[in-house]
Amino acid sequence: QVHLVESGGGLVQAGGSLTLSCEASGRTFSSSTMGWFRQAPGKEREFVAAITYGRIITYYSGSVKGRFTISRDNAKATVYLQMNSLRPEDTATYYCAQSNSDLTTGKEYEFAAWGQGTQVTISS
């Protein structure tokens, strides 16, 4: 059983930055692909970014590519999401997720464990 705990959310003005963290426990983090998803009010949850564990390949949705950076620290069993140039449309609850596969297409069903989420609010 994998337990994921997100942190780092908050209220930021447009153009600002935030870094989200997700600490994992209960499974070998170094052999997990980790992902970030988000869900805005009234919308479906969507893929944001993922990072594999083998060749450390990163994936991003088109809406965040170039602004967000996903990274991982296996020694700390933590995955990060550095978010820059934030926009009001980035406002959402951000979820960390864990997959046992070293491949991902960003689909929710690929991820077996989920955190409780952390709220990110961007003011205009």
Side-chain angles (χ1 to χ4, degrees):
Q1 189 75 8
V2 177
H3 185 56
L4 304 173
V5 179
E6 302 99 334
S7 62
L11 172 63
V12 177
Q13 285 190 330
S17 299
L18 273 177
T19 299
L20 305 183
S21 301
C22 172
E23 185 172 356
S25 61
R27 190 185 186 277
T28 303
F29 178 83
S30 59
S31 59
S32 295
T33 286
M34 301 301 296
W36 287 97
F37 290 75
R38 67 186 183 186
Q39 187 169 22
K43 296 187 178 181
E44 293 188 352
R45 190 156 56 185
E46 65 175 357
F47 171 76
V48 175
I51 183 166
T52 64
Y53 64 86
R55 291 181 292 167
I56 314 297
I57 299 173
T58 57
Y59 301 87
Y60 298 94
S61 69
S63 61
V64 307
K65 194 169 185 178
R67 300 188 298 123
F68 291 11
T69 302
I70 188 170
S71 61
R72 64 189 299 155
D73 184 337
N74 288 344
K76 295 181 179 179
T78 300
V79 61
Y80 303 96
L81 186 68
Q82 172 69 44
M83 306 185 295
N84 298 325
S85 302
L86 284 162
R87 304 166 180 169
E89 54 264 40
D90 294 318
T91 295
T93 300
Y94 283 70
Y95 298 90
C96 173
Q98 176 269 340
S99 168
N100 299 326
S101 173
D102 197 28
L103 299 171
T104 182
T105 59
K107 300 297 191 295
E108 288 190 39
Y109 62 77
E110 297 171 349
F111 293 84
W114 294 80
Q116 293 299 306
T118 185
Q119 178 66 37
V120 172
T121 304
I122 311 303
S123 63
S124 58

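None of the values given here were measured: they were computed from a predicted structure.
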S32: side chain to side chain donor-acceptor pair (under 3.5 Å) partners, not counting sequence neighbours: R27, Q98
Check whether any side-chain heavy atom of T52 sits under 4.5 Å from a side-chain heavy atom of Y59, and report yes or no. yes
Do K76 and S21 come close enough that some side-chain heavy atom pair is under 4.5 Å? no
Between the NZ atom in K107 and the OG atom in S99, the distance rounded to the nearest 0.5 Å is 13.0 Å
Starting at CD of Q119, measure out to CG of L11 and round the result to the nearest 0.5 Å. 9.5 Å
Which ring pair (Phe, Tyr, Trp, His ring centres under 6.0 Å) pairs, counting each pair once, include a residue from residues 101-124, with sequence neighbours left out? F37-F111, F37-W114
Which heavy atom of A40 sits nearest a heavy atom of A92, and at what distance? N-CB, 3.8 Å
T104 meets the side chain to side chain donor-acceptor pair (under 3.5 Å) criterion, sequence neighbours left out, with E110
Partners meeting side chain to side chain donor-acceptor pair (under 3.5 Å) with Y95 (sequence neighbours left out): none
Inter-residue atom distance Q116.CD - C22.SG, 0.5 Å rounding: 11.0 Å
ILVMFWY clustering at 4.5 Å (side-chain atoms), partners of V64: V2, L4, V12, L18, L20, F29, M34, W36, V48, I51, I56, Y60, F68, I70, V79, L81, M83, L86, Y94, V120, I122
Quick one: salt bridge (Lys or Arg N to Asp or Glu O under 4.0 Å) partners of R45, sequence neighbours excluded? E108
For the CD atom of Q13 and the OG atom of S124, what is their distance to the nearest 0.5 Å? 9.0 Å
Looking at OG of S63 and CZ of F47, how far apart are the two atoms once the value is rounded to the nearest 0.5 Å? 10.0 Å
Does a side-chain heavy-atom distance below 4.5 Å link T33 with D102? yes
Would a distance-only check, ignoring hydrogens and angles, find a side-chain to backbone donor-acceptor pair under 3.5 Å from E6 to G117? yes
Between OG1 of T118 and CZ of R38, what distance do you get to the nearest 0.5 Å? 14.0 Å
